[in-house]
Protein chains: 2
Amino acid sequence: MKDEFICKENCPHYKIISQVKLTCPNGNAIIDLADMFKIFADSTRLKIICAILKQELCVCDISELLNLNQTTVSHQLKVLRDSKLVKYRREGKQIFYSLKDEHVIQIISAGLSHISEEEEK
Amino acid sequence: MKDEFICKENCPHYKIISQVKLTCPNGNAIIDLADMFKIFADSTRLKIICAILKQELCVCDISELLNLNQTTVSHQLKVLRDSKLVKYRREGKQIFYSLKDEHVIQIISAGLSHISEEEEK
DNA sequence: GTAACATATGCATATATATGCATATGAGAT
DNA sequence: ATCTCATATGCATATATATGCATATGTTAC
C-alpha cells in the first residue's frame with residue numbers, strides 16, 4: 001500500500017488527526033469491544049439472552065421456548081459461557097442458565113432504544 | 001426435528017415459559033437488534049466510529065489516521081451510511097463524515113464499561 | 001474539453017461462524 | 001451395572017462478510 005498517492009499534502013488535517021489519536025481507545029480495547037458486540041450480533045444468542053433476562057431456565061426450556069434445536073442452543077450457550085456473560089448451575093440432570101451481571105441489560109436496552117427511535121423516523 | 005424425545009413432560013417449566021414469551025421482544029425486534037450490533041462487531045468499523053466520535057473527518061483523514069486502505073474505509077463507511085449511523089457532507093473533492101446521533105456513544109460506552117469491569121476481575 | 005484528485009463500487013477471494021448430525025459425557029433411577 | 005434422559009462436543013458444511021484490486025464516479029483546476 002503506497003501512501004504517496006493518497007492525498008498526502010492536500011487533504012489530511014494533521015492537527016485534528018493527532019488530537020483524535022490521543023482520545024481514541026487503543027487497539028486492544030477496540031478489538032475487545034468488537035468481540036463483545038459480536039456476541040450480541042447473532043439473533044439466536046440474543047433470543048437466548050432475552051429468554052434468561054429475568055429468570056434462569058434450563059437448556060430444554062430454552063429450546064422449547066425458542067423452538068430451537070437443542071444442539072444449537074448448547075453451542076450458543078457455550079459461546080455465552082466462554083464470554084462470561086452467563087452463569088449456570090446443575091440440578092440433577094438439568095442445567096440452569098442465567099445472566100451473570102447487569103451490564104448485559106444495559107447494553108441491550110441501549111440498543112433497543114436506538115432501534116425504537118429509528119422506527120419513529 | 002422431532003419434539004417427542006425432547007424432555008416433553010419432565011423438564012420444561014411451562015408456566016415460566018409462557019410468562020417469558022410475553023416479556024421477550026418479538027422476533028423482528030430481535031433481528032433488528034442483532035443487525036444493529038453487527039455494525040459494532042467489527043474492529044475496523046469501531047475504529048472508524050471512534051475516529052469520528054467527536055468531530056467530522058474526511059475519508060482520507062480516516063485512512064491516514066487508522067492506517068487503513070482507502071477502499072476498506074469507503075466500504076465500511078457505506079455500511080455505516082446504510083445503517084444510518086453516520087451523516088456526511090461534501091466540501092469540494094472531499095467528503096466529511098460524522099456521527100448521526102448520540103445513541104452510538106451510549107451503546108459504545110455501555111460496552112466499554114462492561115469490558116473494563118471484566119478486566120478488573 | 002482534459003488532467004488530477006477524492007471517494008465509491010463491482011467483483012473475486014479468504015476467513016469466520018452458525019447450524020445440525022452423530023456421538024460423548026454426566027447424572028439419576030432401577 | 002445398565003438404562004434413560006439432559007446436555008455438551010467434534011466434525012462437516014453452508015452462509016456471511018471483510019478486504020483489496022481494478023475501475024467508475026464526481027469535483028476542481030487548467
Side-chain angles (χ1 to χ4, degrees), chain A residues 1-13 30-31 34-35 37-49 52 56-83 86 88-97, chain B residues 1-13 30-31 34-35 37-49 52 56-83 86 88-97:
Chain A
M1 183 172 58
K2 296 174 192 171
D3 52 331
E4 290 115 36
F5 75 95
I6 287 185
C7 50
K8 204 173 182 181
E9 279 131 80
N10 317 327
C11 158
H13 306 86
I30 293 279
I31 288 170
D35 286 344
F37 283 124
K38 277 195 186 81
I39 307 297
F40 295 93
D42 176 79
S43 61
T44 301
R45 277 194 296 273
L46 267 188
K47 283 176 192 164
I48 294 174
I49 289 172
I52 58 174
E56 61 177 14
L57 287 176
C58 69
V59 178
C60 185
D61 284 338
I62 298 171
S63 307
E64 180 87 5
L65 170 66
L66 303 176
N67 197 32
L68 289 170
N69 196 305
Q70 176 266 318
T71 309
T72 299
V73 174
S74 273
H75 276 303
Q76 298 308 335
L77 283 172
K78 174 168 172 49
V79 175
L80 295 173
R81 263 185 285 128
D82 290 348
S83 60
V86 298
Y88 56 98
R89 66 178 183 87
R90 180 178 277 277
E91 189 176 307
K93 279 180 280 188
Q94 298 170 184
I95 299 187
F96 287 82
Y97 281 85
Chain B
M1 185 171 58
K2 296 172 191 167
D3 51 332
E4 290 116 33
F5 75 95
I6 288 186
C7 50
K8 203 172 184 181
E9 279 131 77
N10 317 325
C11 160
H13 305 88
I30 292 279
I31 288 170
D35 285 344
F37 283 125
K38 277 196 187 80
I39 307 296
F40 295 92
D42 176 79
S43 61
T44 301
R45 278 193 295 273
L46 268 188
K47 283 176 192 166
I48 293 174
I49 290 172
I52 59 173
E56 63 177 13
L57 288 177
C58 69
V59 178
C60 185
D61 285 337
I62 299 172
S63 307
E64 181 87 5
L65 170 66
L66 303 177
N67 197 31
L68 288 170
N69 197 304
Q70 176 265 320
T71 311
T72 300
V73 174
S74 273
H75 276 303
Q76 297 308 334
L77 283 171
K78 174 168 172 50
V79 175
L80 294 173
R81 262 185 285 127
D82 290 348
S83 59
V86 299
Y88 56 98
R89 66 180 183 86
R90 179 179 279 277
E91 187 177 308
K93 279 181 278 188
Q94 299 171 185
I95 299 186
F96 288 81
Y97 281 84

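Reminder, nothing fancy here: chain letters follow the sequence lines and each chain counts from 1. Fair warning: this is a prediction, and the values are worked out from it, not measured in the lab.
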- Item | Protein-nucleotide distance (A:Tyr88, atom OH; C:dA27, atom P), rounded to Å | 12 Å
- Message: Quick check on C:dT9: is either OP1 or OP2 less than 4.0 Å from any side-chain nitrogen or oxygen of B:Arg81?
- Response: yes
- Query: side chain to side chain donor-acceptor pair (under 3.5 Å) between A:Thr72 and A:Gln76: does it pass, once the steps are laid out?
  - Reply: CA-CA 6 Å; A:Thr72 299; A:Gln76 298 308 335; over 6 Å; no
- Roughly how many Å is it from CG in B:Leu57 to C1' in C:dT7, rounded to a whole number? 15 Å
- Query: When you match B:Thr71 and A:Leu77 each to their closest nucleotide on DNA chain D, which lands nearer the 5' end?
  - Reply: A:Leu77
- For nucleotides 23-28 of chain D, 5' to 3', base contacts (B), sugar-phosphate-only contacts (S) and non-contacts (-) with protein non-hydrogen atoms under 4.0 Å give ---SBS
Tabulate protein N/O versus nucleotide N/O from nucleotides 16-18 of chain D, keeping only pairs under 3.5 Å, one per line.
| unit_1 | atom_1 | unit_2 | atom_2 | d |
| --- | --- | --- | --- | --- |
| D:dA18 | OP1 | B:Arg45 | NH2 | 3.1 |
| D:dA18 | OP2 | B:Arg45 | NH1 | 2.9 |

- The salt bridge (Lys or Arg N to Asp or Glu O under 4.0 Å) partners of A:Lys47 (sequence neighbours excluded) come to none
- Message: Starting the side chain at C-beta, find the nucleotide from C:dT7, D:dT7, D:dC11 nearest to A:His75.
- Response: D:dC11
- Has B:Arg81 got its NZ or CZ under 6.0 Å from the middle of the six-membered ring of B:Tyr88, at an angle within 45 degrees of the ring axis? yes
- Message: Could you tell me how far apart A:Leu80 (CG) and D:dT7 (P) are, to the nearest whole angstrom?
- Response: 15 Å
- Message: Just to verify, what does B:Ser83 make a side-chain hydrogen bond (donor to acceptor under 3.5 Å, both in side chains) with, not counting sequence neighbours?
- Response: none
- Task: Mind calculating the distance between CD (A:Gln94) and C1' (C:dG26) to the nearest angstrom?
- Result: 14 Å
- Apply side chain to side chain contact (heavy atoms under 4.5 Å, CB included) to the pair B:Phe96 and B:Glu91, showing each step before the final yes or no. CA-CA 7 Å; B:Phe96 288 81; B:Glu91 187 177 308; 3.9 Å; yes
- For A:Arg90, all residues meeting side-chain contact (heavy atoms from CB on, under 4.5 Å), sequence neighbours excluded: A:Ile95
- For B:Thr44, which residues count as a side-chain hydrogen bond (donor to acceptor under 3.5 Å, both in side chains) partner, sequence neighbours excluded? none
- Separation of atom CD1 in B:Ile95 from atom C1' in C:dC5, rounded to whole Å: 13 Å
- Just call it for B:Tyr97: base, sugar-phosphate, or nothing, with non-hydrogen atoms closer than 4.0 Å on any strand. sugar-phosphate
- Between C:dC5 (P) and B:Glu64 (CD): distance, integer Å: 16 Å
- Message: Checking contacts here: which listed nucleotide (C:dC21, C:dT9, D:dA8) is nearest the side-chain heavy atoms of A:Asn69?
- Response: C:dC21
- Task: Taking all non-hydrogen atoms of both residues into account, name the closest pair between A:Val59 and A:Tyr97 and its distance.
- Result: CG2-CE1, 3.7 Å
- Message: Rounded to whole Å, how long is the line connecting atom CD of A:Glu56 with atom P of D:dA6?
- Response: 17 Å
- Sorted by chain and number, sequence neighbours left out, side-chain hydrogen bond (donor to acceptor under 3.5 Å, both in side chains) with B:Lys93 holds for none
